[in-house]
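Chain A is the first sequence line, chain B the second, and so forth, proteins listed ahead of strands; every chain is numbered from 1. Owing to the predicted nature of the structure, the values given are computational and were not obtained by experimental measurement.
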Protein chains: 2
Amino acid sequence: MAQKSKTLQNMSEEQLNERHADKMKKKKAARDKIIATKTIEKGLTIVHTGKGKGKSTAAFGMVFRALGNGMKVGVIQFVKGKWGTGERVILEKMGDQVTMSSMGEGFTWETQDRQRDIDAARIAWDKAKELIMDDEHQMVLCDELNIVLRYDYLPVEEIIEVLQNKPPMKHVIITGRNAKEELIGFADLVTDMTMIKHPFRGGVKAQVGIEF
Amino acid sequence: MAQKSKTLQNMSEEQLNERHADKMKKKKAARDKIIATKTIEKGLTIVHTGKGKGKSTAAFGMVFRALGNGMKVGVIQFVKGKWGTGERVILEKMGDQVTMSSMGEGFTWETQDRQRDIDAARIAWDKAKELIMDDEHQMVLCDELNIVLRYDYLPVEEIIEVLQNKPPMKHVIITGRNAKEELIGFADLVTDMTMIKHPFRGGVKAQVGIEF
């Protein structure tokens with residue numbers, strides 16, 4: 001490695017440019033070759049999990065992108081009161097391209113009533129199932145569903161069964177920490193948002209535009 | 001662990017509910033205590049890196065959330081032609097709340113002209129610097145800046161110097177693989193998007209609403 005840097009340092013600008021052009025050419029060829037083998041189009045089951053930030057935010061980013069592409073999107077919130085005004089304002093701007101539903105009486109970090117949470121999770125999931133199975137919405141976000149599954153308020157087998165039988169082109173995004181192994185096993189695309197550094201550690205509080 | 005599950009299995013619904021209420025009460029108390037210590041408000045430097053998906057998507061999610069909160073946001077794209085119509089349509093819907101700029105002649109995976117890329121990176125960074133230093137925008141997204149830094153098209157020291165001198169409440173988000181150690185060291189919030197499972201492996205191609 002040290003040897004390599006030294007060689008690079010001794011190169012003229014022209015040599016560096018040539019070397020770069022050559023490298024990029026090979027990279028492009030390799031990339032084109034890979035892309036050519038990717039021919040399947042299908043609705044994806046996508047899971048965002050992990051302790052880091054960005055699970056819901058990236059999911060909302062996908063929702064906004066889909067909306068920008070003219071798709072109809074369903075959004076189900078499995079944790080009550082988690083959305084800030086930020087997401088809501090933009091989703092509402094998109095009119096009837098969006099079907100939103102949030103658990104009116106559902107799980108929050110404040111609640112201590114397990115039976116009420118189970119009932120609310122069931123109602124939210126029934127709504128989600130409807131959006132996943134219909135022919136109208138092309139993408140459905142089940143935000144924080146993993147939390148509900150983790151507490152065993154809904155059986156993961158039931159969720160997977162619905163995903164197995166969904167319309168083939170439907171995209172479903174599921175977010176939340178501690179995704180169940182069964183769901184990870186079933187999903188097409190799984191990303192773990194890994195926390196490297198968090199400002200909370202330094203006493204910084206949740207702020208508008210960042211956390212909500 | 002097996003012992004614990006067995007005990008849980010022997011509990012009545014009522015006992016389970018009680019146990020849950022108790023657990024959640026403790027959780028809430030711990031959480032409230034932590035939040036009470038978080039009092040600092042400041043503009044954050046946020047880095048999304050890693051090989052997984054969602055780096056730019058989560059950044060756009062934050063941008064949309066900020067826009068929904070009425071903030072003015074600047075977005076600089078350091079890789080040419082990467083944005084799909086999805087993001088663009090929504091950003092344009094937000095009118096003059098958004099200042100967009102993308103490297104007209106900049107780095108792409110297709111280019112093999114190093115000197116032209118360096119020049120384009122410089123122009124894009126000059127524009128980013130303006131948005132970061134002004135008093136008008138509250139958030140600036142430097143999308144894929146990490147790629148430009150990785151190729152040493154811009155010195156990371158210069159980026160950090162600007163971040164050190166930015167208005168105190170300004171939020172700056174920097175995305176892209178292979179974030180430089182110096183930048184990770186400086187940033188307030190760093191998330192690594194870790195790929196657990198990717199549908200490309202199974203021959204699935206990039207699709208509207210998912211990749212662009």
Side-chain angles (χ1 to χ4, degrees), chain A residues 16-17 20-21 24-25 28 31 37-42 44 48 52-54 57-58 60-62 64-69 71 84-90 93 109-112 114-115 138-139 171 184 187-200 203-205 207-210, chain B residues 16-17 20-21 24-25 28 31 37-42 44 48 52-54 57-58 60-62 64-69 71 84-90 93 109-112 114-115 138-139 171 184 187-200 203-205 207-210:
Chain A
L16 275 173
N17 289 344
H20 177 82
M24 292 305 287
K25 211 167 174 172
K28 175 167 156 48
R31 203 164 163 266
T37 66
K38 311 303 172 190
T39 50
I40 305 167
E41 279 198 34
K42 63 173 240 177
L44 302 176
H48 293 173
K53 292 186 60 66
T57 313
F60 273 104
M62 293 183 89
F64 291 127
R65 183 191 293 147
L67 291 170
N69 278 308
M71 291 182 175
T85 43
E87 283 89 353
R88 213 173 266 285
V89 167
I90 310 257
K93 243 192 197 334
W109 292 106
E110 315 287 305
T111 187
Q112 284 130 40
R114 181 169 166 273
Q115 194 50 55
Q138 284 136 297
M139 179 182 282
H171 300 298
I184 291 176
D188 301 292
L189 171 58
V190 181
T191 307
D192 185 286
M193 273 62 174
T194 309
M195 180 165 64
I196 306 289
K197 217 175 169 185
H198 195 293
F200 254 36
V204 176
K205 75 176 193 182
Q207 291 172 92
V208 174
I210 302 295
Chain B
L16 275 173
N17 289 345
H20 177 82
M24 292 306 287
K25 211 168 175 171
K28 175 169 157 45
R31 202 163 165 266
T37 67
K38 311 301 173 191
T39 52
I40 304 167
E41 279 197 34
K42 64 174 239 178
L44 301 176
H48 292 173
K53 291 187 62 66
T57 313
F60 273 104
M62 294 182 91
F64 290 127
R65 183 191 293 145
L67 291 170
N69 279 309
M71 291 183 176
T85 44
E87 284 89 354
R88 213 172 265 285
V89 167
I90 309 258
K93 242 191 196 338
W109 292 106
E110 316 287 306
T111 187
Q112 284 130 39
R114 182 170 165 273
Q115 194 51 55
Q138 284 136 297
M139 179 182 282
H171 301 298
I184 290 176
D188 301 292
L189 171 57
V190 181
T191 307
D192 184 287
M193 273 62 173
T194 309
M195 179 166 64
I196 306 289
K197 216 175 170 186
H198 195 294
F200 253 36
V204 176
K205 75 177 193 181
Q207 292 172 93
V208 173
I210 302 294

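The one candidate from A:Thr191, A:Asp192, A:Thr194 that meets the side-chain hydrogen bond (donor to acceptor under 3.5 Å, both in side chains) condition with B:Thr194 is A:Thr194.
Closest approach of B:Met62 and A:Thr57 over heavy atoms only: N-CG2, 3.4 Å. What you find for B:Met193 and A:Lys53 is that their closest heavy atoms are CE-O, 4.4 Å. When all heavy atoms are compared, the tightest approach of A:Ala58 to B:Gly54 is CB-O, 4.0 Å.
For the atom pair CD (B:Glu87) and CG (A:Leu67), the distance works out to 11.5 Å, reported to the nearest 0.5 Å.
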